[in-house]
Q: 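Below is one structure. I have some questions about it.
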Amino acid sequence: MYLTIGLSLLVCLIALIFTIMVGLGKDKSDYSQKKSWSMVSWTYIVLFPISFVALGLLYYFITR
């Protein structure tokens, strides 16, 4: 139970930090689709596999 709450709080904190970083780095004067994709492409390459592994581990520990 405490593990689930702790992991949920950690995910929310990471999402909050990511949202603040994106908001502070916003530049309205020069928008480029290529630049925008390069800034968020690491999210799809890195964070999605990590989140799936974390969810798998969470499921494993809960059902164990």
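This one's a predicted model, so the numbers in the text were calculated from it and none came from an experiment. Positions are given from 1, in the same order as the sequence printed here. Side chains included, hydrogens not; waters and symmetry mates left out as well; all remaining heavy atoms used.
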Q: I'd like to check the side chain to side chain contact (heavy atoms under 4.5 Å, CB included) partners of Ile62; sequence neighbours left out, ordered by chain and number.
A: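 Listed in chain order: Thr4, Leu58.
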Q: Treat each ILVMFWY residue as a node, draw an edge where side-chain heavy atoms are under 4.5 Å apart, and state whether Tyr60 and Val53 are in one component.
A: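 Per the 4.5 Å side-chain linkage, Tyr60 and Val53 are co-clustered.
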Q: Sequence neighbours excluded, which residues qualify as side chain to side chain contact (heavy atoms under 4.5 Å, CB included) partners of Ile14?
A: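 Once residues adjacent in sequence are excluded, the partners of Ile14 under the side chain to side chain contact (heavy atoms under 4.5 Å, CB included) criterion are Leu10.
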Q: Indicate if Leu3 and Leu57 have the same hydrophobic cluster label, given that clusters are the connected sets of ILVMFWY residues with side-chain heavy-atom separations under 4.5 angstrom.
A: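 Leu3 and Leu57: one cluster.
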Q: Mind listing the side-chain donor-acceptor pairs of residues 15-24 below 3.5 Å, one per line with the distance, residues two or more places apart or on another chain?
A:
| unit_1 | atom_1 | unit_2 | atom_2 | d |
| --- | --- | --- | --- | --- |
| Thr19 | OG1 | Ala15 | O | 2.7 |

